[in-house]
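Notes follow the structure.
Computation of the quantities below employed the complete heavy-atom set of this structure, encompassing side-chain atoms and omitting hydrogens, waters and symmetry-equivalent molecules.
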2 protein chains.
Amino acid sequence: MATIYDVAALAGVSPATVSRVLNGRAVSPDKERSVTEAARTLNYTPNRVARTLRRQLSEVVALVIPDIENPFFTSLARGVADTAQEAGYSVVLCNTDGDVDKEQHFLDIALSENMAGVVLAPAASTSVAQPLLDRGRAVVAVDRPVPGANVDSVVIDNVGAGRLATRALWDAGFRKIACITGPSEIVTAVDRGRGWAQVLDEISAAPPGMHFLAHADFRVGGGRARMAELLELASPPDAVVAGNNLVGVGALQILNERGISPAEFGIAVIGDLPFSAHSEDAVPVVHLPTRTMGTTAGALLLERIDGHQGPGRRVVIPGELRTPVPDPAAAR
Amino acid sequence: MATIYDVAALAGVSPATVSRVLNGRAVSPDKERSVTEAARTLNYTPNRVARTLRRQLSEVVALVIPDIENPFFTSLARGVADTAQEAGYSVVLCNTDGDVDKEQHFLDIALSENMAGVVLAPAASTSVAQPLLDRGRAVVAVDRPVPGANVDSVVIDNVGAGRLATRALWDAGFRKIACITGPSEIVTAVDRGRGWAQVLDEISAAPPGMHFLAHADFRVGGGRARMAELLELASPPDAVVAGNNLVGVGALQILNERGISPAEFGIAVIGDLPFSAHSEDAVPVVHLPTRTMGTTAGALLLERIDGHQGPGRRVVIPGELRTPVPDPAAAR
DNA sequence: AGCCTGTCAGAAATCGATTTCAGGAGCAAG
DNA sequence: CTTGCTCCTGAAATCGATTTCTGACAGGCT
């Protein structure tokens, strides 16, 4: 592995001059030429570890997410990666499995690896990014806010998304609309449930006492379990709002297994159904622009890395209702 | 940020002693105590960059994959991450988008960041890991072999998977079985197609000239396009083998859009259908144990990092046919 | 007592880049 | 001709850990 000293020796200059050439500082044209030539013949690549040690900041940003197998987060990851790589940063993806300890571990590593910044999709409301902020590192929260600290955040309009989904079902003629959302510790889950409740409250025609709100974990299994329970009720609902994409998948599985069509039992999903093999599903979906969330978070992070100061900014991104085409034959 | 010098000063010892304590070398009990205490009061965390520079090897391994949004690779990623983190390594996930230049870029970074090793799912057969190997870095290929070099690799038995899928359709009574596999440059795609062709050749009863082999990109769009074309043929097949999970999703979408059930037109998929909302699909699937691939690759990598020498090992993992339960009502 | 061995701890070198500092050359103005 | 300035360049310090080298000291043996 050639070092800057080897290049300097071959080019007949000092290492300082080589460094200057590499970093585009003023150097006489002839030395510049001999340095670049020497670098090429030696196939020299600067050692990023040494550079990071000296500069005290690496050209790496971390993206910390709770579930790498959820398309919601991988799509987000692509967005972050796009903007970051555009600006010359590498993105390292860290999967916490929703485990706060693992998350803390990754944040510690980001700190001691001198990473330039972190985009954090917090596992819980107790997530602590303060040590990073104290050291002046850039931090952006995404999907869920980081508590307390004045950190930039990019979040979905979850209440609005809950409203859209619920109203879509109401407009389709369903009258006993349940909701399966995520754990009550997760603010996004709670907010989506609030949106659902708001709509039902506003619609005076809604029969009282028809408010079935179920909390599942935000996974397929959770959706299945709660959905199955709803169907067992003595006086079951006639439609359901699924709090996220995976819960939606689980709920749909149950319905399909029992041969219940979306026309009989309404279902609307907050978040995009991943890799749906059935485009005729007739399921209204609140599309969440995850990739945009990612690029936005990336952009905010880059601004912070470039020295932007000031209080935490908050970008709220709305969901977008997508109702299925009424006639399946019209789909191409 | 406290450094080792701060700890040394507070503990009244030399930095060398602090380092020894931190790395579990023999030190007198009293100094050991004062060092650990000083470290705690200063909330000291070793700077990994400095350590990496001196040690010439970081505690980070890279996982380079072509498509982070494909569940096949995210599941693989979990496997790698599990084993690596178990051994104290952080995993950085790099998405190449199937772009050889991006891949090369990531490999260069792995080199200049002094990463301990790389698990590489190559984007193309031209992928070059030689610079890493020349520098003694650990490299393991996964999903597809890396050409030339004697690198460890963990791959699916793709021919066998193709055979399983094809035979499942034949056994179900289909007689004109087409195949939509991936690009002809991708060896996994070609091998799955070969398995399909083998079975058809072996079955003497198969009508000659009935070998529809289509190449798609390994994405949903590719599966849709080729599937639609197959159905337009003057003398269309009556079943199809989908070369990977996403092609399978695309093909199923077309079938569902046209109201064709898997009973009328057979389909078998190589790879697991992601997040299927329809568990009653009656689609035979060749399950590919991706997570196991990941853990295996991780284990091989760790052995190499720990100094294992010798020629490239090759682990071939078989797929496993999973046929749907005949009676949907039996599913719970 | 004298010698040898082994253990522990500090001083200093080291990893490979960047950056500060200081000096020398060249040029313009006084 | 001198002063003052800019522009290049190299020597050396620096980032923060690890590791080698060296010396001090204790204990065992003849």
Inset, instruction - Only counting residues at least two apart or in another chain, list the ones meeting side-chain contact (heavy atoms from CB on, under 4.5 Å) with B:His105. - result: B:Ile109

Inset, instruction - Please determine if a side-chain N or O atom of B:Thr17 lies less than 4.0 Å away from the OP1 or OP2 oxygen of C:dG10. - result: yes

Inset, instruction - Would you mind telling me which residue lines up with the more 5' stretch of DNA chain C, A:Thr45 or B:Pro15, judged by nearest nucleotide? - result: B:Pro15

Legend entry - Results of side chain to side chain donor-acceptor pair (under 3.5 Å) for B:Arg55 - residues two or more places apart only: B:Asn23

Inset, instruction - State, with a plain yes or no, whether a side-chain heavy atom of B:Leu302 is found less than 4.5 Å away from one of B:Tyr89. - result: yes

Legend entry - Sub-4.0 Å heavy-atom contacts from residues 26-44 of chain A onto DNA chain D, ordered by number: A:Ala26, A:Val27, A:Ser28, A:Lys31

Inset, instruction - Could you check B:Arg55 against A:Asn23 and say which one's nearest nucleotide on DNA chain C is further toward the 5' end? - result: B:Arg55

Inset, instruction - Please report the C-alpha distance between A:Val92 and A:Met115 in whole Å, then the side-chain angles of each, then the deciding distance to 0.1 Å, and finally whether the side-chain contact (heavy atoms from CB on, under 4.5 Å) criterion is met. - result: CA-CA 10 Å; A:Val92 330; A:Met115 292 186 191; 4.2 Å; yes

Legend entry - Distance-only donor-acceptor check, side chains B:Ser58 and B:Thr52, under 3.5 Å: no

Legend entry - Sidechain N-carboxylate O distance under 4.0 Å for B:Asp152, B:Arg304: yes

Inset, instruction - Go through residues 1-13 of chain A and report each residue with a non-hydrogen atom lying under 4.0 Å from DNA chain D, sorted by number. - result: A:Val13

Legend entry - Note, B:Leu300 side chain near B:His308 side chain (heavy atom, < 4.5 Å): no

Legend entry - Axial bend angle, the helix from C:dA1-D:dT30 to C:dG30-D:dC1: five-pair end segments, nearest 10°: 60°

Legend entry - salt bridge (Lys or Arg N to Asp or Glu O under 4.0 Å) partners of residues 127-146 of chain B, not counting sequence neighbours, each pair once: none

Legend entry - Segment of DNA chain D, first to last nucleotide, that comes within the 4.0 Å heavy-atom reach of chain B: D:dG16 to D:dT20

Inset, instruction - Mind checking B:Arg48 for me? I need base, sugar-phosphate or nothing, with any heavy atom below 4.0 Å counting as a touch. - result: nothing

Inset, instruction - Could you name each residue pair satisfying salt bridge (Lys or Arg N to Asp or Glu O under 4.0 Å) that touches residues 101-116 of chain A, not counting sequence neighbours? - result: A:Asp97-A:Lys102, A:Glu113-B:Arg48

Legend entry - Atom-pair distance (CD on A:Gln56; P on C:dT19), nearest Å: 11 Å

Inset, instruction - Only pairs at least two apart or in different chains count here, so list each salt bridge (Lys or Arg N to Asp or Glu O under 4.0 Å) that has a residue in residues 20-31 of chain B. - result: none

Inset, instruction - Apply side-chain contact (heavy atoms from CB on, under 4.5 Å) to A:Ser14 and list each qualifying residue two or more places apart in sequence or on a separate chain. - result: A:Ala16, A:Thr17

Inset, instruction - Quick one: which residue pairs count as a side chain to side chain donor-acceptor pair (under 3.5 Å) with a foot in residues 291-302 of chain B, not counting sequence neighbours? - result: B:Asp82-B:Arg291

Legend entry - Partners passing side-chain contact (heavy atoms from CB on, under 4.5 Å) against A:Asn47 (at least two apart in sequence or in another chain): A:Val49, A:Ala50, B:Asn114

